[in-house]
Structure formats: structure tokens, C-alpha cells
Amino acid sequence: MSAGYARPSTSEEALELLAQPGAVPLFGGTDLLGQIDREIVSPELLVDMARVGLDHVRADGDGLAIGAGTTLAALASSELLAPYAAVATAAGLAASPLLRNAGTVGGNLCQGTRCWYFRGVEWHCWLAGGDTCYAQIGEHGKHGLVPGDCISAHPSDLAPALAAVGARLAVRCASGERELALLELYRVPTQERRSLLTLEPGEIVWEVRLPAAPDASAFLRLGERRAFSFALVSVAAARRGDEIEAVAGGVANIPVRVDPGDPLAQLPGNPQTMWKRTALATLVSRALDTIT
Amino acid sequence: MQVNGERHELDTNPARRLVSVLRDDLGLTGTKLGCGEGACGSCAVLLDGVPVNSCLVLAGAVDGRSVVTIEGLSSDGLSPLQRAFIEEDGLQCGFCTPGQIVTATALLAANPSPSREEIRAAMNGNICRCGAYPKIELAVLRAAAEAA
Amino acid sequence: MKRIRQGKMVYEGFEFAVTAVYDDEDAALVPWDADAELSVVGNPVARIDGAKRVSGSARYTVDVQLPRMLHAAVLRSPVANARLERIDLEAARAAPGVRAVIGPGEAIGEGPSPLSGEPQFAGAPIAAVAAETLDQARAALALLAPELDVLPFAVDIEEGLRAQRFTNEPSEHVRGEPGSYESGEVRTELEIETAFHIQTPLEPHAAVADWQDGELTVWSSTQGIFPVRAELAARFGLTPSSVRVIAEFVGGGFGSKVEAGAEAVLAVELSRRAHRPVSLVLSRHEEQLAGGHRAATRQSVRLAARRDGTLVASELDAVIGMGAAGRMVPPVHGPAMFAYTAANAHAMRFPVKLNLRPVNAFRGPGYVEGTTAYEQAIDELAAQLELDPLELRRRLHVDHDQGSGLPYSSKSLLACYDRAAALSGWADREALRARRGDDGLLRGLGCATQMWFGSAGPASECTIRIGADGIATVVTGIQDTGTGTLTGAQIVAAEELGLPLEKVRVVGGDTRPEVRAPAAAGSVTTASVTPAVRAAAASVRRALLELAGERFEISPDDLVLRGGRIQSRDHALDCSYSELTDALGQASVEGSGARTLNSDEFAIHTWGCQVAAVAVDPGLGIVAVEHIWAVHDVGRIINPLLASSQVEGGVLQGVGYALSEERVIDRTTGVPVNATLDDYKVPTISDAPRITIEFIDLPDPVAGNTAAKGLGEPPVIPTAAAIANAFAHATGIRPRRLPLTPARVLEALA
């Protein structure tokens with residue numbers, strides 16, 4: 001790999017390095033390194049964030065502040081997360097134990113799709129900057145339910161869970177910080193810009209901020225085997241009083257809110273993915289049973 | 001970097017993967033490269049006591065940290081866990097075995113008396129294509145029981 | 001007196017001519033039948049090389065590091081079918097660190113090159129480069145800049161069939177009267193599709209070749225050091241004796257590593273050109289693309305029976321996806337033709353040519369595919385006859401091989417059914433299904449018969465030496481890929497020599513000692529090698545007894561070796577083995593033995609029954625295999641500990657085949673989309689069912705003097721069928737396609 005490597009020890013240093021063109025943040029590397037190996041991305045500089053002090057979970061007012069560099073393992077086992085059952089569950093079921101020891105919250109939220117055409121070295125697909133969405137004309141049984149230029153499915157378990165409990169993100173760059181709702185991190189890729197993230201160059205997810213815990217929450221997923229599989233479909237649901245927030249992963253390019261009363265609305269699917277609608281409905285129903 | 005208690009100074013591209021540094025530069029071939037992408041766990045090592053896929057760790061990231069490989073776990077003779085693997089036959093071709101033992105060592109250090117469910121939850125990132133899973137579970141249970 | 005005899009050996013269902021060289025004494029050994037009093041054999045013994053494997057000191061081919069060793073990389077076709085128009089070999093030759101380049105069209109010894117300018121599948125090798133570092137080799141590949149004229153391709157079995165494009169002639173297999181199907185009172189038809197199934201050894205295909213001064217040493221991740229040696233010697237015009245193949249530790253093969261393979265051939269040629277050792281290791285992507293796979297099939301089974309279950313006709317049409325080339329067409333028709341008594345049987349095999357990696361062996365080739373379809377059809381027939389599935393199978397039991405007419409040397413299948421039924425609570429099967437618990441899961445039990453070849457064959461040799469240290473060194477030609485066969489050799493030698501296990505060492509995995517053995521495949525190893533080991537040990541025993549007789553002035557016929565001691569039958573003499581071996585000084589006592597030929601009078605098969613308990617989540621399509629009961633008749637069990645490990649391993653591969661493993665191919669480009677370990681889903685420890693194992697453990701003296709049959713493949717053969725039958729029992733639905741992924745299950749239940 002020809003990328004340079006830097007390991008800053010302060011936030012200022014890190015953000016300055018990230019402001020350079022071709023610089024990308026490196027946390028656990030469990031997604032980024034795979035993309036580099038398959039030449040999906042070719043960064044000029046890897047900015048190792050390990051010493052910037054982003055691996056914290058602490059009380060923050062009524063809620064929590066979680067550094068983007070917190071590993072999934074730390075998140076899953078943190079007592080502070082226990083009241084946010086959906087998040088703790090999602091963190092504990094993602095990937096594998098070894099990957100959870102390295103993979104971080106920030107990395108998990110910003111990871112690329114697992115679509116096998118996107119990841120495959122034999123294709124240069126639309127999302128990767130090419131001309132054709134091979135999935136739509138090929139094998140897309142695991143893909144999203146929403147038609148569009150790209151039908152990849154969002155792979156993160158944490159994203160729906162954090163969104164359902166009302167998480168907000170602090171995003172930083174060299175010139176400052178802004179806050180956004182978790183789902184505002186994501187965008188449907190467009191012809192002009194193929195990214196799934198709303199981050200501008202030089203920006204990095206810095207911290208996840210949770211409000212007070214919901215009255216109840218749950219996270220359920222369907223994988224391809226009993227463990228160590230990206231979710232084919234996942235649902236996180238949280239209840240505050242009578243209000244229910246439900247968010248699904250694996251059904252569209254990005255995590256999407258679903259209407260608990262009509263979860264399949266606007267998720268038409270196609271012949272290869274019809275089965276996924278059944279699974280989604282089941283997960284929503286079971287999640288609701290758990291939290292009500 | 002510190003590997004198995006020994007300090008090493010290497011002049012190498014910090015973006016190289018730890019698994020390659022261990023195998024090719026330090027001759028520690030006990031850590032295996034099964035896939036290179038974190039999907040099999042054969043390359044597991046302990047990084048500051050925590051089991052991780054060394055194929056996804058950069059050499060530069062290990063600076064100032066401690067790595068323990070399967071050789072480090074065997075330097076004082078076989079551990080009780082390793083002996084339990086032999087006695088229960090928790091292995092067949094043996095290629096995934098160093099990774100299994102690294103992960104199981106960390107498990108028992110954190111949880112000396114794991115249930116079957118806890119063993120599975122801790123070790124389902126270590127693939128065994130030969131299918132030694134039932135006996136891997138027995139080996140870990142045996143090592144836990146013998147230590148108690 | 002030495003004999004040289006020609007005979008036959010059945011290997012993966014194919015018959016081969018073999019030569020056995022053995023001594024009359026070897027043939028005179030009384031097999032260890034049911035009356036034999038054995039003290040070591042049949043007890044659990046830990047793996048002989050376990051310490052090396054658990055400590056990381058075991059050296060696999062991928063671990064071999066030689067001075068001045070080069071690293072090779074292979075340029076592979078990124079498309080399913082193409083013609084190479086141009087390639088820049090010179091640019092690669094000039095690249096930094098490159099020491100050798102081979103292009104397509106260049107001769108590599110005798111025989112077709114593994115490189116081709118007309119690659120017929122994605123992953124087909126086009127060119128190879130050796131350089132000082134792997135990075136340099138890979139960089140050089142990019143400079144080759146191949147220009148490929150992309151051609152039409154076919155990756156779909158049905159398309160290949162319609163186009164009548166075959167790798168081998170379709171074959172027809174007939175017994176009795178064709179067309180008897182119509183005359184059955186009860187008829188059932190079932191069509192089942194199975195997928196390409198990838199061996200996925202964790203150690204990829206790899207070879208290190210060192211060609212120096214007319215001598216070639218090759219480290220190969222192989223199941224067959226002698227077949228590899230023969231292949232390389234023939235190709236490169238060397239005498240076999242000047243080729244040494246080493247496979248001390250192999251990280252799994254499962255059938256994919258029996259021949260020399262492109263990696264060994266290319267490594268040798270690169271080494272020859274560069275005058276340096278060369279290591280060629282496949283990346284995981286290359287392994288999943290080009291390492292091999294089990295054939296995909298579409299099978300139509302037709303069964304016709306009388307009301308009492310008697311089969312009037314057993315028929316099969318099997319369309320077999322072979323990949324780009326064929327050699328051995330998998331015997332998918334075996335179960336349909338031979339598993340049960342049927343006066344009339346008919347099978348057609350259509351081996352279809354596709355632009356995919358040619359099919360190679362994967363644990364139980366043909367029989368896994370065939371059993372998966374056929375055993376489901378048997379269950380359908382049982383349902384129509386309103387017979388219990390096991391009861392139908394009992395009624396169809398056959399005691400002879402319907403192909404050759406020979407009786408089976410041993411067949412405890414009925415006992416397997418009985419034991420599997422008892423262990424699994426089969427009698428309560430209907431109550432289990434009817435009882436829907438709080439968890440909302442649908443439960444069922446299903447069974448399947450296992451049948452496979454159990455014999456073995458020459459050439460299988462052994463020499464044993466014992467010296468003054470009292471340690472017997474057993475030299476074999478086998479490579480232990482995790483099957484535990486070296487430990488089996490240790491046990492058998494210890495038994496025959498009357499030595500404790502710790503006094504017996506075993507050498508294997510190297511052709512240098514020139515002691516032959518078959519490849520570790522076809523389930524032949526234990527049944528081939530243990531008789532040779534026993535014969536060699538018997539030879540050493542005789543020699544030691546003669547020495548003892550001379551030393552103690554007692555007739556050798558009155559002496560026994562037992563438990564590390566030499567004893568006279570009247571117990572007047574009882575001394576330590578070392579009393580005898582101490583006197584050897586610098587010398588040793590040597591004995592050798594070989595396996596004799598197979599019997600002409602019997603067919604030697606293994607049998608079994610597996611029962612699966614599944615719980616199906618109808619809302620998500622998840623099939624949980626809660627329990628597998630595996631009862632197998634493989635003759636005498638040499639080592640129950642390692643034997644049960646083989647069963648567990650086979651069952652787990654069967655679970656993967658049933659639920660999650662399949663090669664997925666993009667129809668637009670013909671390129672596999674999931675040639676990674678990430679997207680090809682093998683079972684994790686969390687997917688492992690509870691596995692209860694029982695061996696009938698009845699010695700089969702016809703199988704060899706150790707009365708053991710082969711065990712490597714039987715356990716994977718019936719598992720998927722049992723799971724599919726359990727699924728049908730639980731849900732009332734029989735999906736036509738495996739694996740039973742959540743998507744397929746939800747579609748089937750919808």
C-alpha cells in the first residue's frame with residue numbers, strides 16, 4: 001500500500017491532517033483496509049486516530065457522550081449503555097468478537113456497503129464511480145427494497161439503533177464542529193456525488209450524543225448464519241411514552257425510518273427481494289412486542 | 001513494537017499489516033493468514049491482551065503496544081488450555097488452531113468460568129473449516145474446569 | 001516370499017488398476033476380527049502431532065521460508081470466457097524484482113500448460129510471475145496489461161443442457177427393465193437443485209518449489225505427496241526418485257488438493273527458470289474462485305413402488321454442472337442405482353460444460369449431491385405410502401452390491417437405523433411436530449441413509465525400525481491433513497508391537513523415505529495404511545521374538561510382546577522390552593510390510609444413518625439445526641476420539657451445504673460474486689448443532705487386517721438430506737433448491 005501513515009496525538013493535529021486532500025481517518029480499520037486492499041479507495045494518507053482520545057463513554061447531562069473511537073466491544077459491555085438496550089444489543093451482535101475489539105462506532109456508522117459488486121474486484125460499479133449498477137441486472141437478493149441508481153443495502157447495525165434512540169452526532173473539521181441528527185449523516189448517492197455520507201472533505205464523525213434513555217428499546221436482526229454475518233435486515237425500535245421510533249437497516253442505501261403501523265410502505269422490493277419484506281415485517285412486529 | 005515480551009525495532013512501511021510483519025520479518029509463522037480480511041480469525045493475536053485480527057492491524061499502530069502471538073503463549077511449554085485442546089481433540093488440520101487458542105486464552109482471562117453460550121459468543125469469529133467446534137467448546141470448558 | 005500382484009481398487013467410485021508388492025507373511029496375518037483382544041486399538045488417543053499444531057510450531061507449506069526464495073503471483077482472467085489478444089510479458093520481465101515470467105502458450109514440460117490464452121472461467125490462470133517480494137510480483141501482474149477479447153459464456157446448467165454442451169459423454173446406467181416406472185402402483189417424482197459447494201480450506205492451495213542440480217524438492221499443501229510427485233516427474237521429465245514432495249502439515253483439503261495443481265506446476269517452472277526457490281500461495285479470493293468446488297446439479301428422481309414399499313423402479317436424471325472441463329464425472333447416480341433394493345434402475349448423467357472452474361473432488365463427490373436428492377425422494381415416497389420413513393428404508397435394505405452382484409463384506413445399516421431411531425426419539429416424531437412451543441418455531445425430525453465406498457488399496461507400504469532406545473519409528477507415505485491417520489498408524493504399530501504409545505513415533509508427509517501410500521482422499525487412508533503398518537509391525541515383532549528366543553533360549557512361538565514387556569506364555573519369563581533392545585547397540589531391527597490386494601468376492605462399503613432435528617422460524621426463514629444424531633458403520637474403530645472428530649467435521653460441512661453455502665454467480669458477466677470468505681458462508685461455532693455420534697464398531701476382516709473401513713467421507717454424505725427431510729417434516733413443504741437460506745425458506749413458505 002502506498003498510502004502514508006500518521007498518528008497524531010491531539011485533536012488539532014488530527015483535524016489539520018484530515019484537512020489535507022487524500023487524507024482519511026483510520027480507527028479500527030476493519031472496513032477501510034478492506035476497501036484499500038480491493039482498490040475501492042486509494043487514500044494518500046491514513047490518519048490513525050488511536051491517540052486522539054475518542055474512546056470514551058461518559059454521562060453527558062441526561063444522556064451519554066460516546067467518542068467515535070469507542071470500540072463496539074467497549075460499547076456492548078458498557079454499563080452506561082444498558083438503558084439503551086437497542087444500542088447495546090446492536091453493538092454486541094455486529095461482526096465477530098475479534099472485529100468488535102477493533103471496529104469503532106465512527107467506523108461502523110461510516111462503513112461502505114457490502115454489495116458484492118461494489119466490493120468485487122471484477123466490477124467497477126456505479127456506486128464506486130462507474131457507469132453500471134450491476135446488482136440491479138444481476139444477483140440482488142440481499143440488496144435494498146428501494147429502486148434507484150444504486151440498490152445496495154446499508155450494512156450498519158449501530159446506525160438504526162442509534163437513530164431509534166434519538167442519537168445526534170458531533171461532526172468536526174479543522175474549522176469547527178456541527179451537530180446533526182444521526183440519520184442526517186446519510187444521503188442517497190447521486191450521479192454527481194456517489195457518497196452515502198453527507199460529510200464534507202476534512203470532516204469526521206467525532207462523537208455520538210445520546211439523549212435520555214427511552215422507556216424501552218430493542219434491536220433485532222436477521223443474518224445469513226447464526227453469527228458473524230452482516231444483517232440481511234435489521235430493525236431498531238424505541239418507545240418514549242406512546243411514541244415509537246423504528247429504523248431499519250439493510251433495506252435501502254441508508255438506514256430508514258419505518259412506520260410501525262405500515263413498515264413496508266415505500267419499500268416495494270422486487271422479485272428477488274420480496275422475501276426481505278416478509279422478514280422486515282416480522283422483525284418490526286417482534287420489536288414492537290418487545291417494547292410495548 | 002513489543003512482541004512476546006521482546007522489543008523489536010523495525011524499519012518498515014507503517015502501513016504494512018501486522019500479520020505480515022510477524023510472519024515475514026520476525027519469522028513467527030504460528031499466526032496464520034487465512035483470508036487477509038478479518039473473515040476467518042486465523043490471524044488472531046493479543047494486542048494489549050485483547051484478541052484482534054492481525055491482518056487488519058497496521059504495523060505503525062502497534063508502536064508502543066504489546067503483541068502476544070501463539071508462540072508467546074507457548075514459550076513456557078504448553079498452557080493448560082493448549083493441553084486441553086490436545087486432550088479433547090479440539091483441532092484437526094490445525095490451521096485455525098493458533099487463532100482459536102489466542103481467542104480462548106483471552107476469554108478465560110476475562111471470564112474464567114464461561115458457559116457454553118459464552119464460549120460460542122466469544123469464539124464465533126474464529127472459523128474452523130474442519131468442523132472441530134464441538135471439541136473446541138469441550139476444550140475450553142475443560143481448561144476452565146481444571147483451573148477452578 | 002515377496003509377491004507382485006495386479007488388482008483393483010475402488011476410489012471415489014472409480015475403479016483403478018493397482019499393483020501390490022507384499023510378502024506372504026503380510027497376507028497371512030489374521031485380521032483383527034471381533035474376537036481379537038486388543039489393548040490399544042479402540043481406545044481414545046490424542047493426536048500424535050497435537051503439540052505442534054496447538055503451539056504454532058507446525059510448519060505448513062505457506063510457512064516455508066527458504067533462503068533466496070522468490071514469491072509468485074498469477075494473472076487470472078477477470079471474465080468468464082475470453083481470448084487473449086495481447087499481453088506484455090516483457091514489461092513484467094523488466095519490472096523491479098522480477099526474476100521469471102511465464103506466459104500462456106509457453107511449454108511447461110510435457111502436457112497442457114495450466115496457463116491459457118483462452119481462459120474459460122473467471123479465475124483461470126493466464127500468466128505467472130516470480131519476484132523478490134510478493135508486492136513486486138503483484139505489481140508486475142499489472143504491467144502485463146492483458147487485452148482480452150471477451151466471448152460469450154454459459155454459467156447456467158439449464159443453458160448448457162439446452163445447448164447440449166458437455167464435458168464428457170452423457171452416461172446411461174441401467175439395471176433390469178427400463179421404463180418400469182409406469183408400472184408402479186405408487187409413483188413419486190421430485191426435482192431437486194443443489195449448488196456449487198466450495199471446499200474452502202483455511203490454508204489456501206500453495207506450493208514451494210526448489211529446483212537445484214536436477215533434483216526437485218516441492219513443499220505442497222497436498223493430500224497426495226505420491227500422486228503429486230508422479231505428476232511433476234512425468235511433466236518435467238524427471239525420474240520420480242529425483243523429486244521429493246513434502247507435506248508435513250496441511251491446512252485442510254477436503255478433496256481439492258489431490259493433484260499437483262496449477263500452483264505446484266507453476267512454482268516448479270518458475271523455480272526452474274529463475275534458479276531460485278519459488279513460493280506460490282493463492283490469495284483467499286483466488287482460492288474461492290479457482291481452488292475448486294463440488295458440482296451443482298439438477299436432479300429429477302422418479303420412484304415407483306408397490307403398496308408394501310417394494311421399489312419397482314428407481315430412476316434419476318442428473319444434470320451436472322461440471323465447469324469448463326471434465327475428467328471424472330461425479331457418481332451422482334450411486335444412491336439411485338445402489339442404495340436400496342430395486343429390480344429396475346435407470347440413471348442418466350448429463351455433465352454440462354460451463355464457464356466455471358472445473359469441478360474437482362469435495363468430500364464424498366457425487367454421493368453428497370445424489371444422496372441429498374434421492375433421500376428426499378425416498379421420504380416423499382414414504383409419505384405417499386403412509387409408511388414411516390425409516391420403516392420404508394428398512395424394507396428396502398439390500399445385502400449385496402447390485403452393480404457387481406457381490407455381497408457386501410459387512411453392512412450394519414439396519415443397526416444404524418435402529419440406533420439412530422433410539423437415540424433421536426424417532427418414535428415420538430409426530431408428537432414433536434404437533435407440539436408447537438411458545439417460541440413459535442416449527443419442529444421436525446428427518447433421516448437419511450449414508451452409503452459410500454469403504455475399501456482401500458495398494459500401493460500402501462510401511463517400514464518400522466526399532467533401536468537401542470526402544471523407540472519404534474514407523475515410516476509411512478501418508479500426509480495427515482487433520483484426519484488423524486498418523487495417529488492411527490501409531491496405535492496400530494503400538495498394538496502389534498506390544499509397545500506403549502509413547503515408544504512409537506510416526507514419520508509421514510515426505511516422499512523421501514520412498515514408502516508409498518495413497519492420497520488422503522476417497523476415505524481410503526485408514527483402510528490402506530493401517531494394514532501396511534500392522535504388517536510391518538508384525539515383521540518387526542517376528543524379528544524381535546527371534547532375537548528374544550535366541551537370547552532367552554525359549555522358542556519364539558512361546559513368547560509374546562505386550563505392554564512394553566517380553567513374556568513367555570508360561571510367565572516364567574517377564575522382562576522389559578529394553579532387555580532386548582539394549583543389546584542392539586548401534587544397530588536396529590527393521591521390518592516392512594504392505595497392504596495386500598482387495599478381495600474379489602466382496603464389495604466393501606460403509607453405511608450409516610443420520611437424523612436431524614430442526615426448528616424453523618417461519619417469520620424469518622431461519623432453519624436451526626438443533627441436533628444431529630450420526631450412527632455409522634465403518635468397520636473397526638481404531639481411535640474413537642479422532643473418529644468422532646471426523647464425524648463432527650463432516651456433519652458441519654453438511655450443515656453448511658444444507659443451509660448457507662453456495663457459489664453465487666453473476667448472470668451478466670459469468671463471474672462469481674461471492675468468491676470471498678466474507679460472502680461464502682461457512683458455519684461458525686454458533687451454527688454447530690449438538691452432535692451425538694455412535695459407531696457400530698463391528699470389525700470387517702475383509703476390509704484389511706485391521707478390519708477398519710474408511711471414515712473420511714461418510715459423515716458429510718447424508719447430513720443435508722436429513723436436514724431437508726426434517727425441514728419438510730416440520731413445515732410440510734419441500735423446497736426444490738438448496739441451500740435453505742432465509743430467502744429460499746421465506747419464498748417457499750409464502
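The structure displayed is predicted, hence computed values, not measured ones. Letters A, B, ... are given to chains in the order of the sequence lines, protein chains preceding strands, and every chain is numbered from 1.
The shortest side-chain heavy-atom distance between A/E224 and C/P742 does not fall under the 4.5 Å cut-off. Counting heavy atoms from C-beta outward, A/W116 and C/D666 have side chains that stay 4.5 Å or more apart. For the pair C/E747/A/M274, no side-chain contact is recorded, criterion being any heavy-atom separation below 4.5 Å from C-beta on.
Both the backbone and the side chain of C/A743 have a heavy atom closer than 4.5 Å to some heavy atom of chain A. Neither the backbone nor the side chain of C/P618 comes within contact range of chain A; no heavy atoms are under 4.5 Å apart. In this structure, the portion of C/V664 lying under 4.5 Å from any heavy atom of chain A is its side chain and not its backbone. Residue A/I137 touches chain C through both its backbone and its side chain, counting heavy-atom pairs closer than 4.5 Å. At a 4.5 Å heavy-atom cutoff, the contact between A/K142 and chain C is made by side-chain atoms alone. Residue contact with chain C, scored on non-hydrogen atoms closer than 4.5 Å, involves the side chain of A/V121 exclusively. Looking at A/E122, only its side chain comes within 4.5 Å of chain C, counting heavy atoms on both sides. With a threshold of 4.5 angstrom between heavy atoms, C/D135 does not approach chain A through any atom at all. For A/R277, no part lies near chain C; criterion is any non-hydrogen pair under 4.5 Å. When heavy atoms are compared at a cutoff of 4.5 Å, C/L749 does not approach chain A at all.
Of the listed residues (A/Q272, A/K276, A/R286), the one with the most heavy-atom contacts under 4.5 Å to chain C is A/R286. Of the listed residues C/D617, C/D687, C/T684, the one with more heavy-atom pairs under 4.5 angstrom with chain A than any other is C/D687. Per-residue heavy-atom pair counts under 4.5 Å with chain C were compared for A/F230, A/W123, A/Y134, and the maximum is reached by A/W123.
For C/S686 (side chain) and A/A227 (main-chain N/O), no donor-acceptor pair under 3.5 Å exists by modelled atom type. A donor-acceptor pair under 3.5 Å is formed between the side chain of A/R225 and the backbone N or O of C/V682.
Within 6.0 Å of CZ in C/R83 there are 12 or fewer heavy atoms belonging to other residues, nucleotides or ligands. Remark: A/Q266 CD is loosely packed, at most 12 non-hydrogen atoms of other residues, nucleotides or ligands lying under 6.0 Å away. The environment of A/R194 atom CZ is dense: over 12 non-hydrogen atoms of other residues, nucleotides or ligands sit within 6.0 angstrom. Within 6.0 Å of CD on A/E39 lie no more than 12 heavy atoms contributed by other residues, nucleotides or ligands. Heavy-atom contacts from other residues, nucleotides or ligands closer than 6.0 Å to CG of C/D439 number more than 12. Summarising the local packing, CZ of A/R257 is surrounded by 12 or fewer heavy atoms from other residues, nucleotides or ligands at distances under 6.0 Å.
Taken to the nearest 0.5 Å, the CD1 atom of C/I622 stands 5.0 Å off from the CG atom of A/L222. One distance of note links OG1 of A/T282 with CG of C/L746; it measures 7.0 Å at 0.5 Å rounding. Put simply, CZ on A/F228 and CD1 on C/I685 are 13.5 Å apart, with the number rounded to the nearest 0.5 Å.
With respect to A/R114 and C/D678, a salt bridge is recorded, a charged nitrogen being found less than 4.0 Å from a carboxylate O.
Taking each heavy atom of C/A624 and A/R226 in turn, the nearest pair found is CB-NH1, 3.3 Å.
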